[in-house]
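Read through the structure below, which is laid out as structure tokens, and then see the notes.
All chains are named by letter (A, B, ...) in the order of the sequence lines, taking the proteins before the strands, and each is independently numbered beginning at 1. Heavy-atom basis, side chains included; hydrogens, waters and symmetry copies ignored.
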Number of protein chains: 2
Amino acid sequence: MGRPRTPLLSADRIADAALELVNATGGFTMPALAARLGVRPSSLYNHVAGRDAIVELLRERAMSEVELPSCDPGQPPRPWREAVADIARSYRRSYSRYPRLIPLLTAYPVNSASAITMYNTLAVTLVQAGFDHADTLRVITLIDYLVLGSALDVAAPEEPWLASAEVGPEFAAALATATPNPHRADDAFEYGLSVLLTGLEA
Amino acid sequence: MGRPRTPLLSADRIADAALELVNATGGFTMPALAARLGVRPSSLYNHVAGRDAIVELLRERAMSEVELPSCDPGQPPRPWREAVADIARSYRRSYSRYPRLIPLLTAYPVNSASAITMYNTLAVTLVQAGFDHADTLRVITLIDYLVLGSALDVAAPEEPWLASAEVGPEFAAALATATPNPHRADDAFEYGLSVLLTGLEA
DNA sequence: ACCTGAACACCGTTCAAGT
DNA sequence: ACCTGAACACCGTTCAAGT
């Protein structure tokens, strides 16, 4: 066929299609991706170094919509508790838009520009609130754990435990309160955020 | 060659070898596994349903060494804070023995007998401490997030962020306090556990 | 019962050939 | 510059054939 007059592909279109496949099936393969784009697998390599590079593009997407609180200089500074909570919620909101994507990203840490900007803002807020540098890193790490854990939770299949004979009455009663996802993971995240901030204030 | 007088393989030996491969390389393939066992790939299927079944065996291993606090009936009951902390630590210790295994397990939730026993014990402790059933589930979920997050953290490659120009002074100072893993993740886990328990007491 | 060898469908990637 | 088709090495799995 040769070169088309206007390119059929771009890195962006490839990432779009890959994300759709991940949302629909929980993963993607190069042949499936090519088919969805109406193209042959080898064509993808004109725009992207390989499969790993596509995963990196998806990682960027996962972080791309973190919106940081705009602090107007004229305004009185907000309590650090609220500022941290807003950042954590925005982080999680961006990260949780594509729940089935998250398991593909756990191999390496987030390393995108948006992520660094967010960590910077968190660090400024926490240092201003009086945390020393070591605790600042610890708190950022904990927020990471909370966001990652609850994001993975959204995509996890419903537990078949209820059927198991080994479940004791207390745990069974706790499980009986579980709501369907994504609500359950949202709820756990909010609870965790609240407990975290309360614990930090002490 | 035909059938050997004494079997060369067993599900246990296969799991052992797979775990060694995961520890060494971060993953395993059926051919590599067979080679390490001195056998042909097709032989594995006499003992194991397939690759996924091997992953399930590894999942069992990850949870297999959770040791629960033995509560002597004659003794005065321990404070729930200590009991929960002990369980969480043991959970994490078992889960973190094979850090490079954890990323392979994030697709589905833990569903082994040891896991259920641990959740049961946690639920009993929390209900006795006065948490209602919904909060009991939330706290167990949070402990899961903390253990999973810090276990994944151990295997994560060191962040190359220090080099990035986008890192601001506060975040850079926080990063400068980072110790090498696994100490860093251990430290974050202990800090998180302490913050969590403090937050829960309020 | 348990190991083997050949075979199958599939995957990620490369590259010369086309326009 | 960008798509194609053929090719390569690799993967997970099956199954008849051997003992």
Side-chain angles (χ1 to χ4, degrees), chain A residues 1-61 100-101 103-108 157, chain B residues 1-61 100-101 103-108 157:
Chain A
M1 181 189 283
R3 174 190 179 199
R5 289 213 240 89
T6 167
L8 300 175
L9 296 179
S10 69
D12 236 44
R13 276 179 49 72
I14 291 174
D16 286 342
L19 202 43
E20 288 170 21
L21 272 179
V22 169
N23 274 338
T25 70
F28 74 95
T29 68
M30 301 299 272
L33 190 49
R36 173 171 274 255
L37 289 160
V39 119
R40 300 293 165 184
S42 50
S43 308
L44 300 169
Y45 294 83
N46 287 298
H47 302 270
V48 149
R51 193 181 184 283
D52 286 353
I54 298 178
V55 173
E56 285 316 303
L57 291 178
L58 299 187
R59 189 191 302 284
E60 292 282 335
R61 301 270 177 126
R100 307 188 74 172
L101 172 60
L104 306 186
L105 306 183
T106 52
Y108 347 68
Chain B
M1 179 189 282
R3 172 188 179 200
R5 289 212 242 89
T6 166
L8 301 175
L9 296 179
S10 69
D12 234 44
R13 276 181 49 73
I14 290 173
D16 285 343
L19 202 42
E20 288 170 21
L21 273 179
V22 169
N23 273 339
T25 70
F28 74 94
T29 68
M30 302 298 272
L33 190 50
R36 172 172 275 256
L37 289 161
V39 118
R40 300 293 166 185
S42 49
S43 309
L44 301 170
Y45 294 83
N46 288 298
H47 303 269
V48 150
R51 195 182 183 282
D52 286 354
I54 299 177
V55 173
E56 286 315 302
L57 291 178
L58 300 188
R59 188 190 303 284
E60 293 282 337
R61 302 271 176 123
R100 305 188 76 173
L101 171 61
L104 306 187
L105 306 183
T106 52
Y108 347 68

> Could you give the CG-to-P distance, from A/L33 to C/dC10, as a whole number of Å?
Replying inline: 17 Å
> For B/L37 and C/dT4, what is the distance between atoms CG and C1' respectively, to the nearest whole Å?
Replying inline: 15 Å
>> Less than 4.0 angstrom between a side-chain N/O of A/R51 and OP1 or OP2 of C/dG12, yes or no?
In response: yes
>> Any side-chain N or O of B/H47 below 4.0 angstrom from OP1/OP2 of C/dA1?
In response: no
> If only side-chain N and O atoms of B/S43 are considered, is one of them under 4.0 Å from the OP1 or OP2 phosphate oxygen of C/dT4?
Replying inline: yes
>> So for atom CZ, which belongs to B/R100, do other residues, nucleotides or ligands contribute more than 12 heavy atoms lying within a distance under 6.0 Å?
In response: yes
>> Let's test this: given Watson-Crick or G-U wobble pairing with both distances under 3.5 Å, identify the partner of D/dC11.
In response: none
> Is A/D16 paired with A/R36 through a side-chain N to carboxylate O contact shorter than 4.0 Å?
Replying inline: no
> Where the side chain of A/S42 is concerned, which of C/dA6, D/dC2, D/dT4 is the nearest nucleotide?
Replying inline: D/dT4
> Are the side chains of A/V22 and A/L104 in touch, meaning some heavy atoms are under 4.5 Å apart?
Replying inline: yes
> Where each residue is assigned the nucleotide of DNA chain D containing its nearest heavy atom, which of B/F28 and B/R3 is assigned the position nearer the 5′ end?
Replying inline: B/F28
>> Could you tell me how far apart B/I54 (CD1) and D/dC11 (C1') are, to the nearest whole angstrom?
In response: 13 Å
> Paired with C/dA1 by Watson-Crick or G-U wobble geometry, both distances under 3.5 Å: which nucleotide is it?
Replying inline: D/dT19
>> Ignoring hydrogens, what is the shortest heavy-atom contact between A/Y45 and A/M30? Give both atom names and the distance.
In response: OH-CE, 3.5 Å
>> Tell me the interatomic distance from A/L8, atom CG, to D/dA1, atom C1', rounded to whole angstroms.
In response: 12 Å
> A/Y45 has an atom OH; how far is it from atom C1' of D/dA1, in whole Å?
Replying inline: 19 Å
>> Please determine whether a side-chain nitrogen or oxygen atom of B/T29 lies at a distance below 4.0 Å from atom OP1 or OP2 of D/dC11.
In response: yes
> Between B/I14 (CD1) and D/dG12 (P), how many Å, whole number?
Replying inline: 13 Å
>> Check this for me, if you would: do A/D52 and A/R59 make a salt bridge, where the nitrogen-to-carboxylate-oxygen distance has to be below 4.0 angstrom?
In response: no
> Atom CE of B/M30 to atom C1' of C/dT4: distance rounded to whole Å?
Replying inline: 15 Å
> Rounding to a whole Å, what distance do you find between B/L9:CG and C/dC2:P?
Replying inline: 10 Å
>> Does D/dG5 have OP1 or OP2 under 4.0 Å away from a side-chain N or O of A/R40?
In response: yes
